[in-house]
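Throughout, protein chains are lettered first and strands after them, A, B, ... in sequence-line order, and every chain is numbered starting at 1.
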Amino acid sequence: MRLESFAPRLLHWYDEHRRDLPWRSTTDPYRIWLSEIILQQTRVAQGMPYYLKFTETFPTVTDLAAADERDVLRLWQGLGYYSRARNLHATARIVADEYGGAFPDSYAKLVQLKGIGPYTAAAIASFAWKEKVAVVDGNVFRVLSRIFGIATDIATPAAKKEFTELANRLIPADHPDLFNHAIMDFGATQCVPVSPVCLFCPFAGDCEAQATGRQAELPVKEKKTKVRDRFFHYTVLQSGTRLALKERTGRDIWSGMYDFWLTETDTPGGKPAGLPADLAARAEVSPVFTHILSHQKIQAVFHTVEVPVDFLLPEQLKWYTFEELEDLPKPVLILKYLKGRYQF
DNA sequence: GAGGCGTGGCT
DNA sequence: TAGCCAAGCCT
């Protein structure tokens, strides 16, 4: 189809089908930024309560900057991809301290901030300041690959370049913000991955995928993610009303979150190392918890054991009362154990 | 440039 | 059921 007729048709569709979302009724770059970080690789329904919690707890970027990273992670708890929260906090401090609380006002400056890549910079710049720069996310890949019949593997940098150039030729100068919202809404609600709604499509007759019946084949994505098996043995040290936890550090999963004394093995068998035999014998052993991540399948067993108050805690473990424990950011796996064992 | 990084919903 | 998917970014 002709490039000039794409935007008018899309905007006409958006006029009748747009979703009313709280971050669309503001031009505050802080709220737009916050919503975009939350929505990275995350559905609207899942992110919505987090957006509401964050804007209520931290009404401005200065409020967010003043918080402890741990409290930001605690509010992010359950949403996953926790580096988003750490980068969110770090960038809030940069904006508050080095930009006087005012967000940089261009794509070029935004994309230099932590956690803000090409997509998010384009979203903020277009929504907050109507800069003419196209967003390219999973929706855009899908919509454009189908309508224009582009079979380039979207996992490659070449595809990123190709689709970005096309989107930037399609985006109109007068309504870049509406165009970006529209193409994402269209992808999210009509031109969906499985069983797209082609019957009432505004591009019916001009869609390459529909014409050739290749809706299910486009976009092309070659890479299959491999899932790694991991076996966790947690020792939950309990002393009266306290449990021993530690902060996870390094480049593994759940960095910045808190969990228990962990021993990992390469095979399903084995027991947590380091616990004196007399204590190990007394430990209460949980059923196997299977926890699925996008790239890992974790099978975890919790060995709960009561120890004396003067028990010498190994590694970086520290005692926390149940009240203190509530305020620590914890992975969902740990939350599920606590809920089952202690009715948390 | 390929792989790591969460969680929950859907088919 | 077991995979696949969802408004990406970082290393």
Side-chain angles (χ1 to χ4, degrees), chain A residues 19 21-24 31-51 73 76-88 90-91 110-127 134-143 153-161 163-164 167 177 179-189 191-196 216 219 221-230 248 250-257 259 289-298 329-336:
Chain A
R19 291 180 291 181
L21 301 168
W23 46 87
R24 287 188 182 169
R31 295 191 175 221
I32 292 168
W33 164 65
L34 177 62
S35 73
E36 292 302 337
I37 301 300
I38 287 173
L39 292 172
Q40 286 170 7
Q41 299 286 283
T42 304
R43 294 181 198 295
V44 166
Q46 190 185 0
M48 180 73 76
Y50 288 85
Y51 175 81
L73 278 169
W76 199 272
Q77 174 179 285
L79 198 53
Y81 284 150
Y82 297 101
S83 66
R84 288 184 295 172
R86 300 196 308 273
N87 288 334
L88 184 84
T91 290
L110 286 164
V111 80
Q112 297 177 37
L113 295 169
K114 264 189 193 173
I116 299 183
Y119 163 77
T120 305
I124 300 171
S126 64
F127 299 152
V135 295
V136 180
D137 71 336
N139 292 304
V140 175
F141 276 127
R142 188 169 57 255
V143 169
D153 179 1
I154 63 170
T156 64
K160 177 82 170 181
K161 185 170 183 289
F163 282 89
T164 299
D177 51 340
F179 177 89
N180 281 339
H181 276 141
I183 196 167
M184 288 194 288
D185 263 17
F186 182 66
T189 66
C191 193
V192 291
V194 179
S195 307
K221 186 159 66 174
E222 297 290 356
K223 274 191 221 163
K224 311 281 186 218
T225 58
K226 284 177 186 166
V227 176
R228 176 162 69 115
D229 282 297
R230 299 181 72 172
R248 293 180 60 87
R251 305 193 173 186
D252 201 358
I253 57 172
W254 303 330
S255 184
M257 310 293 280
D259 66 357
F289 286 68
T290 300
H291 192 74
I292 309 287
L293 289 69
S294 56
H295 51 298
Q296 298 182 14
K297 178 181 175 184
I298 297 168
K330 300 165 289 292
V332 167
L333 171 62
I334 301 301
L335 292 175
K336 285 180 176 168

query: With distance as the sole criterion, is a donor-acceptor pair present between the side chains of Ser126(A) and Asn180(A) under 3.5 Å?
result: yes
Closest to the [X] side chain, choosing from [options]:
X         : options                  : value
Arg251(A) : dT7(B), dT11(C), dC10(C) : dT11(C)
Ile253(A) : dC5(B), dC10(C), dG8(C)  : dC5(B)
Gln296(A) : dC5(B), dG8(C), dA7(C)   : dC5(B)
Arg228(A) : dA7(C), dG8(C), dC5(B)   : dC5(B)
Tyr119(A) : dC9(C), dG1(B), dG8(B)   : dC9(C)

Would the base of dA7(C) count as contacting Arg142(A) through its side chain, where contact means a donor and an acceptor less than 3.5 Å apart?
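No.
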Give the C-alpha distance, both sets of side-chain angles, the deciding distance and a yes or no for ring pair (Phe, Tyr, Trp, His ring centres under 6.0 Å) between Trp254(A) and Tyr82(A). CA-CA 7 Å; Trp254(A) 303 330; Tyr82(A) 297 101; 8.1 Å; no
Atom-pair distance ([atom1] on [X]; [atom2] on [N]), nearest Å:
X         : N      : atom1 : atom2 : result
Gln40(A)  : dA7(C) : CD    : P     : 12 Å
Phe186(A) : dA7(C) : CZ    : P     : 13 Å
Lys114(A) : dC9(C) : NZ    : C1'   : 13 Å
Arg43(A)  : dG8(C) : CZ    : P     : 11 Å
Ile154(A) : dG8(C) : CD1   : C1'   : 12 Å
Asp252(A) : dC5(B) : CG    : C1'   : 10 Å
Lys221(A) : dG8(C) : NZ    : C1'   : 12 Å
Leu88(A)  : dG8(C) : CG    : C1'   : 14 Å

If you look at every strand shown and take non-hydrogen atoms under 4.0 Å, does [X] touch a base, only sugar-phosphate, or nothing?
X         : result
Ile124(A) : nothing
Ile37(A)  : nothing
Ile292(A) : base
Val44(A)  : base
Trp76(A)  : nothing
Leu293(A) : base

So CE of Met257(A) and CG of Leu335(A): to nearest 0.5 Å the spacing works out to 7.5 Å
**Message:** Using 0.5 Å steps for rounding, measure from the CZ atom of Arg228(A) to the NZ atom of Lys297(A).
**Reply:**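 Answer rounded to 0.5 Å: 14.5 Å.
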Taking dA7(C) as the reference, what is the distance to dG3(B) when you measure between their P atoms (whole Å, please)? 23 Å
Pairwise P distance for dC9(C) and dG8(B), with rounding to whole Å: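 Their P atoms lie roughly 23 Å apart.
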Any side-chain N or O of [X] under 4.0 Å from OP1/OP2 of [N]?
X         : N      : value
Trp33(A)  : dA7(C) : no
His295(A) : dC5(B) : yes
Tyr82(A)  : dT7(B) : yes
Thr120(A) : dC9(C) : yes

**Message:** So does Leu39(A) get a backbone contact from the side chain of Arg43(A), meaning a donor-acceptor N/O pair under 3.5 Å?
**Reply:** no
- Item | Paired nucleotide for dA7(C) [Watson-Crick or G-U wobble; both distances under 3.5 Å] |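 Answer to the pairing question: none, since dA7(C) forms no Watson-Crick or G-U pair.
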Of Gly187(A) and Leu113(A), the one whose nearest nucleotide on DNA chain C sits closer to the 5' end is Gly187(A)
Report task. Under the side-chain contact (heavy atoms from CB on, under 4.5 Å) rule, what do Ser255(A) and Arg86(A) come out as? Steps first, then yes or no, please. Result -> CA-CA 9 Å; Ser255(A) 184; Arg86(A) 300 196 308 273; 3.6 Å; yes
Side chains of residues 110-121 of chain A: which donor-acceptor partners sit under 3.5 Å, not counting sequence neighbours?
| residue | atom | partner | partner atom | Å |
| --- | --- | --- | --- | --- |
| Gln112(A) | NE2 | Ala108(A) | O | 3.1 |
| Tyr119(A) | OH | Glu36(A) | OE1 | 2.6 |
| Thr120(A) | OG1 | Gln40(A) | NE2 | 3.0 |

I want to confirm an ordering. Mapping Trp254(A) and Val194(A) to their closest nucleotides on DNA chain B, which one lands closer to the 5' end?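 In this pair, the answer is Trp254(A).
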